[in-house]
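When a ligand or atom number is given, it counts from 1 through the structure's own listing order. None of the values given here were measured: they were computed from a predicted structure.
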Amino acid sequence: MINGNKVLFSGMQATGNLTLGNYLGALKNWVDLADDYECYYSVVDMHSITVRQDPAVLRKRARALLTLYIAAGIDPEKNCLYYQSHVSGHAELAWILNCFTYMGELNRMTQFKDKAAKHTDNINAGLFTYPVLMAADILLYQADVVPVGIDQMQHLEITRDIAQRFNAVYGDVFTIPEAYVGKVGAKIMSLQDPAKKMSKSDENPNASIYLMDDADTIRRKCRRAVTDSEGAILYREEQPGVKNLLDIYCACSGKTPQEAVREFDGCGYGQLKDAVAEAVIAVLNPLQTRFRELEKDKGYIDGIIRTNAERAAYTANKTLRKVQKKIGFPERVR
Ligand code: ATP
Ligand code: LTN
């Protein structure tokens, strides 16, 4: 609790270009939650370096992501939007929590196994302890809720385990966070393979709609989307390509799958694809315009970066000092 409000923490990595999946599954929900919680939305650049990054590209993408948070509708006056690397408490608490985390627990993390298999030339210790840094992110702000995708649930579980282990020794230091999993249908699948989720690291650019894609690109990608040979527009698991298009349509238009199926009754797949494209364009167009305006206002964004990092650091330091005291680090002499 901060000022009587429940606290929410979430973060996103600035690796790759954000997709419609990231927007509909994460960012859009964040905007809706911002009214009900004291929210911290971090650009988790420290997590990004667990795989090699080009410094100039990382810097550019981190700024673009923070700007996108605002363009998507998260008010930076009411919510704390900041770079993880600007608040040193994340690294400090992560070190302490490392000493309360077991190798066996980290060995079970499926994301570590996946990423280690993908980057065999760079299986570094940071990749292994990634979940501990994530636990530090969440626990520093005493977060009550953490909106995450299903893929991050295992990391949230380990966060809870670490917090409970610490509290069992030192008393009630950390709030035990709960996951907030968004509405059903928020998992957007690849346009080229509806069995896979739409992902910003997909090598096929036609598989994903990027948030900055122009209208013609969106129309082209939708037209190329993989469907099936059934010919009927129904919302069912047996037709995953069509179901995904309907999910996108519904998430963008606010309609229910039943309403959408009725609307497309008797239509061909071409008509469905065109309607999906127009619904996506209607959502992304204002976001893109706002992003371009904000991008030009360097002073405004710089101000947000500075003041929000100060706010975040203030809260983070309160938790950190308490933890340091509990574990027996010497008090600072003033
Ligand atoms: P990467 O390809 O680099 O693993 P990603 O596109 O899968 O990235 P993440 O950075 O892992 O995305 O996730 C950022 C947020 O977006 C998370 O909250 C995640 O649950 C959500 N998200 C990612 N992909 C989708 C998707 N296809 N549908 C819905 N939500 C998604
Ligand atoms: N691991 C997450 C990003 C992330 C995060 C967090 C999410 C880092 N720290 C704290 C929620 C809370 C991801 O890859 N999506």
If hydrophobic clusters are built from ILVMFWY residues whose side chains come within less than 4.5 Å, do I176 and V323 share one?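 Unlinked, I176 and V323 end up in two clusters.
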Same hydrophobic cluster for V226 and V242, using side-chain heavy-atom links shorter than 4.5 Å among ILVMFWY?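 Per the 4.5 Å side-chain linkage, V226 and V242 are not co-clustered.
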Examine the proximity of ligand 1 to S201 and report which part, side chain or backbone, both or neither, has a heavy atom under 4.0 Å away.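 Both parts.
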Does ligand 1 have a heavy atom under 4.0 Å from the side chain of K200, from its backbone, from both, or from neither?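 Both backbone and side chain.
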Heteroatom distance test (Q152, ligand 2): nitrogen or oxygen, under 3.5 angstrom: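 Q152 vs ligand 2: N/O contact under 3.5 Å present.
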Using a 3.5 Å cut-off on N or O atoms only, is D137 in polar contact with ligand 2?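 Yes - when backbone and side-chain N and O of D137 are compared with those of ligand 2, one distance drops under 3.5 Å.
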[X] neighbourhood, listing ligand 1 atoms whose heavy-atom distance to it stays under 4.0 Å:
| X | result |
| --- | --- |
| G149 | 18 (O), 20 (O) |
| M198 | 24 (N), 25 (C), 26 (C), 27 (N) |
| A26 | 15 (C), 16 (O), 18 (O) |
| D151 | 11 (O), 20 (O) |
| K197 | 5 (P), 7 (O), 23 (C), 24 (N), 27 (N) |
| I188 | 26 (C), 27 (N), 28 (N), 29 (C) |
| K187 | 28 (N), 29 (C) |

In terms of residue, atom name and distance, what is the protein heavy atom nearest to [atom]?
| atom | result |
| --- | --- |
| atom 3 (C) of ligand 2 | G11 O, 3.6 Å |
| atom 14 (O) of ligand 2 | Y130 OH, 3.1 Å |
| atom 10 (C) of ligand 2 | F9 CE2, 3.5 Å |

Classify the ring geometry of [X] against [Y]: parallel below 30°, tilted from 30° to 60°, perpendicular beyond 60°.
| X | Y | result |
| --- | --- | --- |
| F112 | F128 | perpendicular |
| Y170 | F166 | tilted |
| F9 | Y40 | parallel |
| Y69 | Y41 | perpendicular |

If only atom types and distance count, is the side chain of Q53 paired as donor or acceptor with the main-chain N or O of S48 below 3.5 Å?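 Yes: the side chain of Q53 pairs with the backbone of S48.
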Assess whether atom CZ of R59 is packed by more than 12 heavy atoms of other residues, nucleotides or ligands within 6.0 Å.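 At most 12 heavy atoms, drawn from other residues, nucleotides or ligands, come within 6.0 Å of this atom.
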Where's the contact between [X] and ligand 2, heavy-atom distance under 4.0 Å: side chain, backbone, both or neither?
| X | result |
| --- | --- |
| I138 | side chain |
| D151 | neither |
| M12 | neither |

Compute the shortest N/O to N/O distance between T19 and ligand 1 and return yes if it is under 3.5 Å, no if not.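 No - when backbone and side-chain N and O of T19 are compared with those of ligand 1, no distance drops under 3.5 Å.
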Quick one: does G21 get an N or O within less than 3.5 Å of an N or O on ligand 1?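 Such a contact does occur with ligand 1.
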Does some side-chain heavy atom of D274 sit less than 4.5 Å from a side-chain heavy atom of C222?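 A side-chain contact is absent here, since even the closest heavy-atom pair is not under 4.5 Å.
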Under a 4.5 Å cut-off applied to non-hydrogen side-chain atoms, are D144 and L8 in contact?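 In short, these two side chains do not touch, never coming nearer than 4.5 Å.
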Are any of the heavy atoms in N22 under 4.0 Å away from ligand 1?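 Distance cut 4.0 Å: N22 passes for ligand 1.
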Looking only at non-hydrogen atoms, find the nearest pair between A136 and H90 and report the distance.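 It is CB-O, 3.7 Å.
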Any side-chain donor paired with an acceptor under 3.5 Å for Q84 and D137?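 Yes, D137 and Q84 have a side-chain donor paired with an acceptor closer than 3.5 Å.
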Any idea which atoms of ligand 2 are less than 4.0 Å away from a heavy-atom of V146?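 Taking each heavy atom of V146 in turn, ligand 2 has 11 (C), 12 (C) under 4.0 Å.
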Using a strict 4.0 Å cut-off to heavy atoms of Q13, name the atoms of ligand 2 that fall inside it.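 So the atoms of ligand 2 that pass are 14 (O).
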Take T129 and N98 through the side chain to side chain donor-acceptor pair (under 3.5 Å) test and state the conclusion after the steps. CA-CA 8 Å; T129 59; N98 264 319; 4.5 Å; no
